[in-house]
Amino acid sequence: MSDKPAAIRGTNDFMGEEAARFDHVVDTFARVRRLYGFRSVHIPVFEHTGIFARTLGETTDVVSKEMYTFEDRSGDSLTLRPEFTAGIARAYISNGWQQHGRMKLAAHGPCFRYERPQKGRFRQFHQLDAEILAAPDPQADVELIAFGQHLIEELGVAGNVTLELNTLGDPASRAAWQAALLEHFQAHRDELGEDSLRRLDTNPLRILDSKNDGDRKIVATAPVIDDYLTAEAEDFFAEVTSGLTSAGVGFRRQARLVRGFDYYRHTAFEFVTDALGAQGTVLGGGRYDGLIEAMGGPHVPAVGWAAGIERLSMLLDAPPSESVDVAFIPLDDASRARGQMLVAALRRGGSVAVETFATGNMKKRMQRADSSGARLALILGADELAEDMLQVKDLASGEQVRIPQAETGFIGGYLSELRLMRLTGMDGDGPDFPAWRTRTLGGQAQ
RNA sequence: GCGACCGUAGCUCAGCUGGUUAGAGCGCUGGUUUGUGGUACCAGAGGUCGCGGGUUCAAACCCCGUCGGUCGCCCCA
């Protein structure tokens, strides 16, 4: 027990319901993303360290102490991606994607950050990511955010999540505002908490969302971005907000909202929840017009967001668990061998999910068949084998009938009719198999 | 990186102020007359009480360290 291998801290093994929730988030993302014309993109999980170090901002916690960085055998410094955007920007430049004009890209997969794990926060976590590249217009922001909103609605968690929106202005606005903030906070230096004093040097914008009560008082009187926006920045934000309104996306203006990474400009937004303890953000992003240029590429304005798969999973109701349609129960080896043909025919010919239960006594096999969620049990023993027959038991009603093996195809028909009934909203379990068979065969059942 | 709480069978937990062979439920395996589940009953397997050290006649229980978990700070998805 003590020498059991342990998972690396902050990593998770998901199974059963947890895995089903995770998959449901990814599946829903894949479905909704197509509705907005986002194309799938796959990029490496690691990059040269500089890709992340230079773009995210040297002073951010992610870069200064949370990256998984190592040297490979040739001595190059590599880093496991802490997020997607920088890697996608790099791929854009590496491959000359400007030839494609405007690009809408979606990706998902693991990211890594060396952090102290807690609820909704892990060292290996998984993100959904959406980016619109070569898109200078505010309509891109609107479409991107609408996609995020739609995803959250499709996942059925919209009731727990609200959209907070802000603008950080263009570089000129941001610089002016930041200078004013710095001056304001310097003036109240002795009233600030320890953490915020440190932020004064590293990232003064961060003081705005401090949770410290003393800081909040000073924040309340701090200058707001609105007073420093250039005319262009103000127009841009107005178009985003009015676009969201006409797209039917509700939001709350959050003037103190700032985003972690240095590359953000103009639009910044977060879908937040209070259901995840200290981790409020479930999906967040913004505009990063200067990023690709700063990495040595062409001037490519862009917007994007990332969402935490685990965080979304935790808000989800449990999706229905996967179950098989049919349980095959052979009573001996000869029956099992004969049954392979029937099982193969059901799977390949009828798209029927079949699981074989061939261990334990009959009672155990039935118990396992029952807990598998199968609707029908196919029972095959020496008696049936001798006459090319098959027992079919409806596990919902308990009714059982003996049919010729040649009629196995009916099972597929029966199951698809049940599925159809469920899809058209009919209640109940539907007819049991024996009754259905009698009806469809016009009473010539034996 | 900082703080608080926690760590007993595969899982969820009980174990009184330290005292003799550490328990339950679920799960697992087998059985309760011939090949039938979703309800019962019987039996069995499974734990060096996270790990290391200390206090004590005696420690799952007390102390220290360490690892891990949970929650918060920070930061962020």
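We name chains A, B, ... by the order of the sequence lines, and we start the count at 1 in each one.
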Look at all strands and tell whether [X] reaches a base, only sugar-phosphate, or nothing, counting heavy atoms closer than 4.0 Å.
{"X": "A:Gly398", "answer": "base"}
{"X": "A:Ala306", "answer": "sugar-phosphate"}
{"X": "A:Glu384", "answer": "base"}
{"X": "A:Gly148", "answer": "nothing"}
{"X": "A:Ala396", "answer": "base"}
{"X": "A:Glu115", "answer": "base"}

Inset, instruction - Using side chain to side chain contact (heavy atoms under 4.5 Å, CB included) as the criterion, point out the one residue from A:Leu128, A:Asp23, A:Leu316, A:Leu155 that pairs with A:Thr28. - result: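 With A:Thr28 as partner, A:Leu128, A:Asp23, A:Leu316, A:Leu155 yield a single side chain to side chain contact (heavy atoms under 4.5 Å, CB included), made by A:Leu155.
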
Integer angstrom distance from the [atom1] of [N] to that of [M]:
{"N": "B:U56", "M": "B:G3", "atom1": "P", "result": "30 Å"}
{"N": "B:G38", "M": "B:A22", "atom1": "C1'", "result": "35 Å"}
{"N": "B:C13", "M": "B:C6", "atom1": "C1'", "result": "14 Å"}
{"N": "B:C73", "M": "B:C57", "atom1": "C1'", "result": "47 Å"}
{"N": "B:G50", "M": "B:U12", "atom1": "P", "result": "14 Å"}
{"N": "B:G19", "M": "B:C75", "atom1": "C1'", "result": "50 Å"}
{"N": "B:G27", "M": "B:C42", "atom1": "P", "result": "15 Å"}
{"N": "B:G15", "M": "B:A9", "atom1": "P", "result": "15 Å"}

Tell me the interatomic distance from [X], atom [atom1], to [N], atom [atom2], rounded to whole angstroms.
{"X": "A:Leu128", "N": "B:A77", "atom1": "CG", "atom2": "C1'", "value": "9 Å"}
{"X": "A:Arg123", "N": "B:C75", "atom1": "CZ", "atom2": "C1'", "value": "14 Å"}
{"X": "A:Asp370", "N": "B:G38", "atom1": "CG", "atom2": "P", "value": "7 Å"}
{"X": "A:Asp383", "N": "B:G35", "atom1": "CG", "atom2": "P", "value": "10 Å"}
{"X": "A:Asp332", "N": "B:U36", "atom1": "CG", "atom2": "P", "value": "14 Å"}
{"X": "A:Leu257", "N": "B:C75", "atom1": "CG", "atom2": "P", "value": "14 Å"}
{"X": "A:Leu208", "N": "B:C74", "atom1": "CG", "atom2": "P", "value": "14 Å"}
{"X": "A:Glu164", "N": "B:A77", "atom1": "CD", "atom2": "C1'", "value": "15 Å"}

Legend entry - Nucleic acid contacts of residues 13-25 of chain A, taken as heavy-atom distances under 4.0 Å to RNA chain B: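 Nucleic-acid contacts, sorted: none.
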
Inset, instruction - Using the side-chain hydrogen bond (donor to acceptor under 3.5 Å, both in side chains) rule, collect all pairs that involve residues 302-311 of chain A, keeping only residues at least two apart or in two chains. - result: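 Only A:His126-A:Glu310 qualify under side-chain hydrogen bond (donor to acceptor under 3.5 Å, both in side chains).
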
Counterpart base for [N], defined by Watson-Crick or G-U wobble contacts under 3.5 Å:
{"N": "B:C57", "answer": "B:G19"}
{"N": "B:G1", "answer": "B:C73"}
{"N": "B:G68", "answer": "B:C6"}
{"N": "B:A24", "answer": "B:U12"}
{"N": "B:G35", "answer": "none"}

May I ask you to decide whether [X] forms a salt bridge with [Y], counting only side-chain N to carboxylate O separations under 4.0 Å?
{"X": "A:Glu164", "Y": "A:Arg253", "value": "no"}
{"X": "A:Glu47", "Y": "A:Arg81", "value": "no"}
{"X": "A:Asp332", "Y": "A:Arg338", "value": "no"}
{"X": "A:Arg287", "Y": "A:Asp141", "value": "yes"}

Inset, instruction - Hey, can you tell me if A:Phe38 and A:Phe147 have their rings parallel, tilted or perpendicular (30° and 60° cut-offs)? - result: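 A:Phe38 vs A:Phe147 ring planes: tilted.
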
Legend entry - Mutual orientation of the aromatic rings belonging to A:His188 and A:His184 [parallel < 30°, tilted 30-60°, perpendicular > 60°]: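 Correct class here is tilted.
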
Inset, instruction - Determine the minimum heavy-atom distance between A:Ile403 and A:Val401, stating which atoms define it. - result: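 Minimum heavy-atom contact is CG2-CG2, 3.2 Å.
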
Inset, instruction - Check A:Arg90 against A:Ile51 and note the closest heavy-atom contact, atom names and distance. - result: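 Distance-wise, the nearest heavy atoms are CG-CD1, 3.4 Å.
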
Legend entry - Toward the 5' end of RNA chain B, by each residue's nearest nucleotide, A:Met366 or A:His126: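 The 5'-side residue here is A:Met366.
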
Inset, instruction - Would you mind telling me which residue lines up with the more 5' stretch of RNA chain B, A:Gln367 or A:Leu283, judged by nearest nucleotide? - result: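 Per heavy-atom nearest nucleotide, the more 5' residue is A:Gln367.
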
Nearest listed nucleotide, side chain of [X], among [options]:
{"X": "A:Gln400", "options": "B:G37, B:C75, B:U36", "answer": "B:U36"}
{"X": "A:Gln127", "options": "B:U36, B:A77, B:G35", "answer": "B:A77"}
{"X": "A:Arg113", "options": "B:C76, B:G1, B:U36", "answer": "B:C76"}

Legend entry - Within 6.0 Å of CZ in A:Arg419, more than 12 heavy atoms from elsewhere: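 Atom CZ in A:Arg419 is crowded, with more than 12 foreign heavy atoms closer than 6.0 Å.
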
Exercise answer: donor-acceptor pairs, residues 7-14 of chain A side-chain atoms, under 3.5 Å, sequence neighbours excluded:
from, atom 1, to, atom 2, distance (Å)
A:Thr11, OG1, A:Ile8, O, 2.5

What N/O pairs connect the protein and nucleotides 70-72 of chain B at under 3.5 Å? Give each pair on its own line.
from, atom 1, to, atom 2, distance (Å)
B:C71, OP2, A:Lys119, N, 2.6
B:G72, OP1, A:Ala278, N, 2.9
B:G72, OP2, A:Gln118, OE1, 3.1
B:G72, N7, A:Gln118, NE2, 3.4

Legend entry - Residues that A:Phe251 engages under ring pair (Phe, Tyr, Trp, His ring centres under 6.0 Å), provided they are two or more places apart: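 Result, ring pair (Phe, Tyr, Trp, His ring centres under 6.0 Å) vs A:Phe251: none returned.
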
Inset, instruction - Give the C-alpha distance, both sets of side-chain angles, the deciding distance and a yes or no for side-chain hydrogen bond (donor to acceptor under 3.5 Å, both in side chains) between A:Arg375 and A:Tyr414. - result: CA-CA 11 Å; A:Arg375 172 62 186 247; A:Tyr414 171 67; 3.1 Å; yes

Enumerate the protein-to-nucleotides 30-32 of chain B contacts in which both atoms are nitrogen or oxygen and the separation is below 3.5 Å.
from, atom 1, to, atom 2, distance (Å)
B:G31, OP2, A:Asn361, ND2, 2.6

